[in-house]
There are 2 protein chains.
Amino acid sequence: MQGYDKYAHEPFAVTVDLAVLTLREGALHVLLVERGQEPYAGKWALPGGFVRPDESAETAARRELAEETGLDDVSAASGLHLEQLRTYSDPGRDPRMRVVSVAFAALLPDAPEPHGGGDAAEARWLPYDDTGPLAFDHDRILADAHDRVGAKLEYTCLATSFCPPEFTLGELQQVYETVWGTGLDRPNFRRKVLATPGFVEPVPGAARLTGGRGKPAALYRAGTATALHPPLLRPPREGRSA
Amino acid sequence: MQGYDKYAHEPFAVTVDLAVLTLREGALHVLLVERGQEPYAGKWALPGGFVRPDESAETAARRELAEETGLDDVSAASGLHLEQLRTYSDPGRDPRMRVVSVAFAALLPDAPEPHGGGDAAEARWLPYDDTGPLAFDHDRILADAHDRVGAKLEYTCLATSFCPPEFTLGELQQVYETVWGTGLDRPNFRRKVLATPGFVEPVPGAARLTGGRGKPAALYRAGTATALHPPLLRPPREGRSA
DNA sequence: TGACTAATAGTCATGACGACTATAAAGAAC
DNA sequence: GTTCTTTATAGTCGTCATGACTATTAGTCA
């Protein structure tokens with residue numbers, strides 16, 4: 001950290017990239033923008049942009065999220081979760097110049113269709129499993145975001161960030177099942193969630209019909225706890241040992 | 001990510017900061033350098049430096065680690081663990097200019113006294129609990145490193161990164177106790193570690209006298225596993241509920 | 001030889017969890 | 001209405017992980 005001189009070093013551009021995840025119709029969806037220019041023109045990319053001189057990366061991420069989704073209120077309103085993932089800095093990751101990108105993962109409850117208010121040519125929710133190769137190293141960033149979210153579901157109460165303010169335990173379970181790609185036993189999931197103090201708290205007297213059929217489910221709100229002790233471990237992948 | 005122009009935006013300096021942790025005499029120690037210039041002249045700081053134009057942040061971190069510690073071989077040799085923590089980008093974090101810093105945590109087994117080969121005026125191992133206020137936002141970075149390492153001990157085999165190539169289970173337990181700041185039951189710790197396939201593997205026939213007294217302990221090497229399933233949870237802090 | 005120390009072996013009760021069965025409350029089919 | 005289907009919720013049972021202990025072994029030190 002010696003010899004500071006603003007122009008002694010090649011300037012780096014610093015950007016943020018956002019992996020914005022949500023659940024639509026029981027499937028994990030990602031917010032993507034279509035690139036209008038080379039390189040990767042016509043390809044889908046994660047939304048993002050330059051960090052401004054007076055901003056932190058976190059501030060820039062929030063601003064970009066509002067711009068690209070048109071969900072200005074979302075940051076204040078529902079339980080938006082914005083989390084720094086890691087920073088991608090390979091010298092060749094942008095063919096034009098040296099760009100260091102701080103990646104964030106953002107989780108949204110419901111997903112209003114974005115109206116590309118910002119620079120984005122077109123912003124759309126695309127199913128996570130159905131994203132072709134993305135621009136730059138965004139495939140890797142997206143995969144890292146998925147990994148991180150999947151891991152944090154185990155030992156935090158993060159799952160409620162995917163849910164609307166009031167939700168059923170079935171909906172909460174769907175978050176786990178969708179992100180993890182596994183099925184969970186319903187009574188056991190219920191027992192575990194309710195046994196964790198502060199994970200969810202019941203909404204008195206309220207119930208929701210889960211699409212018509214079946215017994216109406218009780219409604220819950222997100223509790224005050226953030227950590228999960230002991231964790232809710234995802235079932236270990238089978239077929240490992242002999 | 002539109003409108004790329006190398007000089008259209010204020011240039012950011014990109015640096016890496018390293019929280020290098022080790023265990024000396026049963027206490028957590030951090031590698032710190034004494035600053036020779038303003039700002040924060042005379043204060044201790046985390047080692048670090050500029051990312052060069054042709055480097056990734058990870059490469060820069062490895063280079064700085066070798067330079068500052070004089071432990072060139074260490075990256076190749078023993079089980080060095082280098083992990084990206086997060087990126088610190090508050091506009092005011094360096095009073096001179098806009099510096100975005102990618103922080104890394106590095107874990108070393110034994111700790112040869114560093115011979116400040118790099119720019120560092122003086123590099124020293126200082127006890128973690130005895131670091132006065134550090135320069136810049138390095139207190140926060142260091143605390144984040146500690147948090148991260150403590151958390152990763154729970155669900156990874158990271159603890160062996162603090163140990164020499166061959167170690168006793170008592171030494172491994174000391175890693176947990178020191179980083180977590182708690183005591184652990186020795187037989188239970190032993191049972192847990194040995195029950196986790198791939199965590200450690202015995203060195204046949206070898207034993208070490210743990211400082212003279214007591215029964216000699218068997219020696220183990222780090223196994224091939226990286227994850228811990230189920231995790232080794234740290235004892236929950238007491239005095240929470242009524 | 002006999003304290004002392006530390007590693008290792010083993011026991012026991014509790015708690016968490018996976019697998020499963022049973023019941024309740026709704027709509028749909030007839 | 002009655003019955004079937006669907007989904008939520010309640011409860012059971014055995015297993016495994018774990019916390020709290022006790023016992024034994026193998027060394028040093030006095």
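For the numbers below, each heavy atom of this structure counts, side chains included, while hydrogens, waters and symmetry mates do not. Please read these numbers as outputs of a predicted model, since none were measured by experiment. Here is how names work: the chains are called A, B, and so on, in the same order as the sequence lines, proteins then strands, and each is numbered from 1.
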Distance, rounded to the nearest Å, where A:Leu184 contributes CG and D:dT9 contributes P: 16 Å

Once you apply a heavy-atom cut-off of 4.0 Å, does A:Ala195 come out as touching a base, just sugar-phosphate, or nothing? nothing

Beyond-backbone contact of B:Thr178 with B:Leu23, side-chain heavy atoms, under 4.5 angstrom: yes

Output the rounded distance in Å from CZ (A:Arg190) to P (C:dA22). 19 Å

Counting primed atoms, P, OP1 and OP2 as sugar-phosphate and everything else as base, the B/S/- map of nucleotides 13-24 of chain D against protein heavy atoms under 4.0 Å is -----BBBB---

Result of checking A:Thr87, A:Asp17, A:Leu85 against A:Val102 for side-chain contact (heavy atoms from CB on, under 4.5 Å): A:Thr87

Figure out the CG/P separation between A:Leu194 and C:dA16, and round it to whole Å. 14 Å

Interatomic distance, B:Glu171 CD vs C:dT8 P [rounded to whole Å]: 11 Å

For the pair made of CG in A:Leu228 and P in C:dA16, what is the distance, rounded to whole Å? 13 Å

Please state how far atom CZ in B:Arg213 lies from atom P in C:dA3, giving the value in whole angstrom units. 16 Å

Cation-pi check, B:Arg86 to B:Tyr88: give yes when NZ or CZ is under 6.0 Å from the six-membered ring centre and within 45° of the ring axis, no otherwise. yes

Spacing between A:Arg186 atom CZ and C:dA24 atom C1', to the nearest angstrom: 15 Å

With sequence neighbours left out, what residues match B:Arg234 under salt bridge (Lys or Arg N to Asp or Glu O under 4.0 Å)? B:Glu154

For residues B:Tyr128 and B:His146, establish whether the separation of their ring centroids is below 6.0 Å. yes

My understanding is that only one of B:Phe199, B:Trp180, B:Tyr176 makes a ring pair (Phe, Tyr, Trp, His ring centres under 6.0 Å) with B:Phe189; could you say which? B:Tyr176

In whole Å, what is the span from the CG atom of B:Leu219 to the P atom of C:dA7? 12 Å

